Amino acid sequence: MNILILGGGGREHALAWAVLQNPKCDKLIVAPGNAGIAQIADCADLAITEPAAVVDFAAENAIDFVIVGPEAPLEAGVADALADAGILAFGPSAEAARLETSKTFTKEVCDAAGAPTAAWARFTEVDPAKDYIRKHGAPIVVKADGLAAGKGVVVAETEEHAIIAVEDMLRGAFGAASASVVIEEFMAGEEASFFVLSDGERVLPVGTAQDHKRVGEGDTGPNTGGMGAYSPAPVMTGAVTARALSEIVEPTIAEMARRGTPYRGVLYAGLMIENGAPRLVEYNVRFGDPECQVLMMRLGAQALDLMLACAEGRLDDVAANWADDHAMTVVMAADGYPGSYAKGSAIRGLDAIPEDSSHMVFHAGTARTEGEWRANGGRVLNVTARGDTLDTARDRAYAMVDAIDWPEGFCRRDIGWRALGGSSGAD
Ligand code: AMP
Ligand code: GLY
């Protein structure tokens, strides 16, 4: 079959790598893709948030199956347009994608479904929001209601900090995305990500992961898109996973179906776990980046069969086959990230790294000019490895990092420290 993947980061490189291992895949196009993806698949320039353009491109290229990587095309209705055109697609409708694109919507669905999450209220005016903050006290969490490129969440340690965040957001810090804010209870505990596929009715777990959002070792410094991840997440024991499914994910899927907007695709539940009890922090309607890289490393070729069964509404036909393995990805970023950084520095040593089913360097933001790899983004490489234990996966990933000669890049040396039971590299 001919497959089109939409997106151009490390997540899509990992998806392409897994899909290509499956003999069902005859031809693969990734749009827009990136220089690393171009080593294994055709890349095409395409306006992926324009539904009509995606449908036309898929028709012209005899595409049988479209896998949507990021949330922006889903919010724009690409999955709806493909469905209308009779083209099979993996990814929810725009209405179902509101589980990521609107915090208020998610909270309302959780309340209707009885899914445990932080107590919350929505505000469009500063004064009532201030009263709420003073009444509930700090720490307290302020969120832009809409998509704000991962920057619309402030975990405020003081009431003053929370009030400043509300004022900034309601005065347009994130444009229309912060015309309303959600203020919610601070939840203590350990965070983990839980990934399931749903065909609208059934739910199939496809893995757990933990990531490191802060740029600095010891989980310090500014937030980033993610500096590394590992799978599975030890905190997601069998009992916690069962509770997350029965108390949070399954009631959400049932509520979406009841509303006439069934959820089809991958649902990424960000959870806070305290004393064995999971609560929902947020949903995303796509694979995480870089969490997808560790999930694909563990799932391999079967990922395509699972995504196909999901899109075709026959999840009861399939099961995920798990090896008793662990995977880790270490993000290499350009100096300065997540602040301003330079593009164009040379990255050497990449072509000498042997890649196999346990060792892969996924590219998030590279360019290839005159036979040389160059940095072309903030997060640039996702150095990913698999092993029988997390220690082995970690050692393999950092051995690859050490073989990469990129003086203008950096990574955290302590990815996985919590799960590895040690202290962070910053200690
Ligand atoms: P979100 O974009 O909703 O995932 O929020 C980003 C991060 O903020 C999460 O990964 C958590 O670390 C933190 N966070 C969000 N909501 C809460 C909450 N209610 N309590 C504690 N931490 C939170
Ligand atoms: N790594 C977090 C995300 O993809 O949202």
Side-chain angles (χ1 to χ4, degrees), residues 7 9-12 14-15 69-72 74 97 99-107 110 115-121 133 136-157 161-162 165 169 174 177-178 181-195 207-215 219-220 222-231 233 235 266-274 278-296 329-331 333 338 362 364 378-379 382 384 412 415 418:
R11 166 179 50 208
E12 288 75 24
L15 287 167
E71 65 279 14
L74 298 167
L99 284 177
E100 174 162 358
T101 60
S102 166
K103 305 270 187 213
T104 302
F105 178 79
T106 301
K107 288 294 195 182
C110 282
T117 182
W120 67 286
I133 289 166
H136 290 268
I140 193 162
V141 182
V142 180
K143 300 185 175 184
D145 203 347
L147 283 182
K151 300 195 177 90
V153 175
V154 172
V155 179
E157 300 294 338
H161 187 187
M169 288 190 197
F174 302 106
S178 66
V181 297
V182 166
I183 303 182
E184 63 179 46
E185 168 198 359
F186 173 81
M187 295 186 284
E190 183 168 350
E191 282 189 85
S193 304
F194 182 36
F195 296 87
T208 63
Q210 280 177 300
D211 73 344
H212 294 268
K213 289 199 170 70
R214 306 296 194 99
V215 74
D219 295 321
T220 55
N223 261 323
T224 70
M227 293 303 292
Y230 50 96
S231 172
V235 67
V266 58
L267 185 63
Y268 157 176
L271 303 174
M272 189 69 80
I273 298 124
E274 192 182 27
R279 290 206 279 170
L280 185 78
V281 178
E282 60 156 2
Y283 281 126
N284 293 302
V285 299
R286 50 175 174 82
F287 283 112
D289 188 346
E291 292 89 336
C292 186
Q293 288 79 317
V294 284
L295 297 181
M296 291 304 126
T329 187
V330 178
V331 172
F362 296 117
R379 289 191 297 173
N382 308 140
T384 311
R412 278 181 58 171
I415 301 304
R418 206 182 286 276

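All residue numbers refer to positions in the sequence shown, counting from 1. Note that ligands are numbered from 1 as they come in the structure, with each ligand's atoms numbered from 1 the same way. This structure is a prediction, so every number in the text was calculated from the model and none was measured.
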Out of all atoms in ligand 1, which are within 4.0 Å of some heavy atom of [X]? Include the element for each.
| X | result |
| --- | --- |
| K213 | 10 (O) |
| K103 | 2 (O), 3 (O) |
| F186 | 20 (N), 21 (C) |

**Request:** Just go through E185, M187, E191 and tell me whose heavy atom is the nearest to atom 21 (C) of ligand 1.
**Result:** M187

**Request:** Measure from atom 16 (N) of ligand 1 to every heavy atom in K143, R279, E282 and give the option owning the shortest one.
**Result:** K143

Given 3.5 Å as the limit, does a donor-acceptor pair link the side chain of [X] with the main chain of [Y], or not?
| X | Y | answer |
| --- | --- | --- |
| T106 | L99 | yes |
| D145 | S178 | no |
| R379 | G226 | yes |
| E157 | A138 | no |
| S102 | G146 | no |

Quick test: of every protein heavy atom, which one is nearest to [atom], and how far off is it to 0.1 Å?
| atom | answer |
| --- | --- |
| atom 13 (C) of ligand 1 | V155 CG2, 3.9 Å |
| atom 19 (N) of ligand 1 | E184 OE2, 2.7 Å |
| atom 8 (O) of ligand 1 | V153 CG1, 3.6 Å |
| atom 22 (N) of ligand 1 | M272 CE, 3.8 Å |

Only heavy atoms of [X], strictly under 4.0 Å: list the atoms of ligand 2 that pass.
| X | value |
| --- | --- |
| R286 | 3 (C), 4 (O), 5 (O) |
| G225 | 1 (N), 2 (C) |
| G288 | 4 (O) |
| D211 | 1 (N), 2 (C) |

Is [Y] paired with [X] through a side-chain N to carboxylate O contact shorter than 4.0 Å?
| X | Y | value |
| --- | --- | --- |
| E185 | R279 | yes |
| D219 | R412 | yes |
| E184 | K107 | yes |

**Message:** With rounding to the nearest 0.5 angstrom, report the OH to SG distance, Y283 to C110.
**Reply:**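 Y283 atom OH to C110 atom SG measures 5.0 Å (nearest 0.5 Å).
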
**Item:** Under-4.0 Å heavy-atom contact with ligand 2, by part of Y268 that carries it
**Value:**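 Within the 4.0 Å criterion, Y268 contacts ligand 2 through side-chain atoms alone.
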
